[in-house]
Amino acid sequence: MAPSATMPASDSKQNGDIHRDYNDDRNATSEDTLYTSANGAPYPHPYEAQRVGENGPLLLQDFHLIDLISHFDRERIPERVVHAKGGGAHGYYQTTEPMDDLSMADMFKAGKKCPVSVRFSTVGGESGSHDCARDPRGFSIKFRTEEGNWDMVANNTPAFFLRDPAKFPHFIHTQKRDPQTHLTHADDSTMFWDYLSQNPESVHQVMILMGDRGIPLGKMHGYAGHTMKLVNKKGDWVYAQMHMKSKQGTDFITQADSANYSPDYAQKDLHNAIEKGDYPGWDVCWQIMTPKEAEELWEKEKINIFDLTHVWPQKQFPLRKVGEFFLNENVKNYFAEIEQIAFNPAHLVPGIEPSADPVLQSRLFSYPDTHRHRIGVNYQQLPVNAPRVPYRMANFQRDGNMAFLNQGSRAPYLSSISPIQFRERSTDLDKVHSHFIGGAITFLSEIRPEDFNAPRILWEKVFDDGAKERFINNVSGHMSTCRKEDIIKRQIAIFREVSGDLAARLEKATGVKGHESIANMTFNGTHNGFAKDASKRYANGQKPASHVGGSIQSSNGAPAAGTHNFEVLAQ
């Protein structure tokens, strides 16, 4: 039975308490609702329009029609610049093996459970692009903890294409459409390979992307990639990287078979699995490293924990499980719950802090900035983004677009007349972040021999014969639309540093003889530590600004010996 347009006073809510409830609206059936205009006035039929006679012009006074059309004209918000195509679901996280010794985060305590929302996405494609594109996958989780929202913005690969934050916009531009031809790199790969051939630190991610993990069959692990800090209640902290290990295992789609899948395959696969009760789950694990171990790892093995292109060896730093999460609820409305959801690596809770990883530091600004542009300055008031905490939230942020909750008549400043309450400090930020020593410098990383160690292991120890053949076919096929042969020559020279066998196979597959060595090359995106001629060492031939410690950074941004002030850490 449809509700009446008028309700008896006895059935109405108290004056001043009449408001729309998000969950009530979300779960109401069509039969429970009454058709109205946007201002709540009942209207008899959605297709009617007011005219001057049966064949006359429309009337400007027809608010119903004008409101309908004007809202329709504005239905699309800007799509995400990166990760535009994606889908997701809701579920829950639970701690199974507490780690109070490492982090004071409430969610890591015994018996803790909290709601989660997860979004999976491709990186470079538009909102209507194919789910089975060869691309990394975004893997973002919003943990709605009792101490606020914690967002883990991750990928399905443990490394990435870059480690210098200013490169990110440039790199993403090369993954988009060509400004002249308006073609993607599926049909014109020139920009794609031009960037990669000028920034060789990308080779680790390229090996993963062009290998079997480049098109996951719905099942995939998740990796933070970035180094974080976990802080316990004593104020002691460690470096940490988070992994989400798929309970379903992993699988992949070959390039040849990818065209046989639906453009929305990943979204369909996730939705159908949950509908059938086959709830996907992941183990939440951490790799842990002390500041001293971080310095030793660089000094002994040249692995930089602040470098997004490097990975931590799991034999030395094994995974420690803390919990698991499952997705058991499909969204009711895609736009409200997935398109408007906003993940932000700066959304942290007590016990979890950022490290000096420069790309992470840049993302701490970039993510909330793009959300404010895309969905508004009050994006965290949207129901899908709103925290679910056991206390009344308050701050001194007011007004702006879509301020649904504007904190009533409470003072918009720190008032002595009606003071706001505060909780005692839980994290000693001075101890956690005051260990840096040094002056300001201009920094651009350098390509070095250690950058090829992990890619070489992938080729020689991880890829079997079939995987190697598929990799060569994937790369050579993609390169077939590159319009500049010298770009291919440069990229083959980079692959030669990974493996002579890899380069030789690629030369045979492409019919292009690559450059012999990167030692004789100048890169426009990175300093060349292989260069024998000093004139070829600097990016674009431009010497970096002089600073204490030399013209090229001796540690390449790593936590080298002496980086940490252990006297501060011991306090």
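What's counted below: heavy atoms across the whole structure, side chains too, no hydrogens, waters or symmetry copies.
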Looking only at heavy atoms, the pair that brings Pro313 and Ile303 closest together is CD-CD1, 3.7 Å

Open item on the list: If you apply the rule side-chain hydrogen bond (donor to acceptor under 3.5 Å, both in side chains), what do you find for Asp32 with Thr29, and how did you get there?
Closed with: CA-CA 5 Å; Asp32 292 332; Thr29 66; 2.9 Å; yes

### Task
Taking the side chain as every heavy atom from C-beta outward, state whether Arg374 and Arg80 have any pair of such atoms under 4.5 Å apart.
yes

Problem - Check: His435 ring centre within less than 6.0 Å of Trp237 ring centre - result: yes

Side-chain heavy-atom pair Tyr265, Leu217 within 4.5 angstrom cut-off: yes

With the threshold set at 4.0 Å, does a side-chain nitrogen-carboxylate oxygen contact exist between Glu147 and Lys112?
no

Between Pro115 and His90, is any pair of side-chain heavy atoms under 4.5 Å apart?
-> no

Output field: ring centroids Trp282/Phe120 closer than 6.0 Å: yes

Checklist entry - Does Lys302 make a cation-pi contact with Trp298, if we ask for NZ or CZ under 6.0 Å from the ring centre and within 45° of the axis? => result yes

Asp151 vs Lys142, test: salt bridge (Lys or Arg N to Asp or Glu O under 4.0 Å). Steps then yes/no. CA-CA 5 Å; Asp151 293 349; Lys142 187 177 292 292; 3.0 Å; yes

For Asn27, look at atom CG and say whether over 12 heavy atoms of other residues, nucleotides or ligands are found less than 6.0 Å away.
yes

| Yes or no on side-chain hydrogen bond (donor to acceptor under 3.5 Å, both in side chains) for Asp357 and His226, after CA distance, side-chain angles and deciding distance? | CA-CA 7 Å; Asp357 178 333; His226 292 301; 2.7 Å; yes

Apply salt bridge (Lys or Arg N to Asp or Glu O under 4.0 Å) to Arg320 and Asp101, showing your working. CA-CA 12 Å; Arg320 173 175 169 175; Asp101 56 317; 2.8 Å; yes

Shortest non-hydrogen pair, Pro354 vs Leu348, comes out as CD-CD1, 3.5 Å

Over 12 non-hydrogen atoms of neighbours within 6.0 angstrom of NZ in Lys332:
yes

task = May I ask you to check whether over 12 heavy atoms, not counting those of Gln397, lie within 6.0 Å of atom CD?
result = no

Side chain to side chain contact (heavy atoms under 4.5 Å, CB included) filter on Phe335, not counting sequence neighbours, yields Ile77, Asn333, Glu339, Gln340

| Would Phe192 and His478 count as a close aromatic pair, with their ring centres under 6.0 Å? | yes

Note: Asp135 and Gly125 closest approach over all heavy atoms is OD2-N, 4.1 Å

Exercise. Applying salt bridge (Lys or Arg N to Asp or Glu O under 4.0 Å), run through Lys247 and Glu324 and close with a yes or a no.
Key: CA-CA 9 Å; Lys247 291 178 178 292; Glu324 56 193 13; 2.9 Å; yes

Phe143 ring center within less than 6.0 Å of His347 ring center = no

Ala154 and Met244 have their tightest heavy-atom pair at CB-CE, 3.6 Å

Smallest heavy-atom separation, Ala561 atom then Glu295 atom, equals CA-OE1, 3.3 Å

Under 4.0 Å between a side-chain nitrogen and a carboxylate oxygen: does that hold for Arg470 and Asp212? yes

Close side-chain approach of Pro136 and Gln205, heavy atoms under 4.5 Å: yes

Next item on the list: State whether Tyr93 and Lys113 meet the cation-pi test: NZ (Lys) or CZ (Arg) under 6.0 Å from the six-membered ring centroid, and within 45° of the perpendicular axis.
Entry: no

Closest non-hydrogen contact found for Asn149 with Pro387 is OD1-CA, 3.5 Å

Q.
Quick one, Asp451 and His204 - any side-chain contact, counting heavy atoms below 4.5 Å?
A. no

Side-chain contact test, heavy atoms from C-beta onward, threshold under 4.5 Å: evaluate it for Met152 versus Trp150 and give yes or no.
yes

**Message:** Could you check whether Arg213 pairs with Asp251 (Lys NZ or Arg NE/NH1/NH2 to Asp/Glu carboxylate O, under 4.0 Å)?
**Reply:** no

Quick one: are Leu162 and Thr309 in side-chain contact, heavy atoms under 4.5 Å? no

Which of Arg137, Lys85, Lys268 passes salt bridge (charged side-chain N to carboxylate O under 4.0 Å, His left out) with Asp131? It is Lys85

In sequence, state the C-alpha distance, the side-chain angles, and the governing distance for Leu102 and Val238, and then conclude on side chain to side chain contact (heavy atoms under 4.5 Å, CB included).
CA-CA 7 Å; Leu102 295 179; Val238 292; 4.2 Å; yes

Are there over 12 heavy-atom neighbours, none belonging to Asp465, within less than 6.0 Å of that residue's CG? no

Between the CE atom in Met242 and the CH2 atom in Trp286, the distance rounded to the nearest 0.5 Å is 6.0 Å

Taken to the nearest 0.5 Å, the spacing of Leu308 CG from Phe160 CZ works out to 7.0 Å

- Do the two ring centres, one from Tyr92 and one from Phe325, sit under 6.0 Å apart? no

Taken to the nearest 0.5 Å, the spacing of Ile375 CD1 from Arg372 CZ works out to 11.0 Å

Side-chain heavy atoms of Val82 within contact of Phe168, under 4.5 Å:
yes

Note to self: Could you check, using the six-membered ring where one of them is a Trp, whether Tyr239 and Phe306 have ring centers closer than 6.0 angstrom?
What the structure shows: yes

Can you see whether Phe463 has Lys468 sitting over its ring - NZ or CZ less than 6.0 Å from the centre and within 45° of the normal?
no

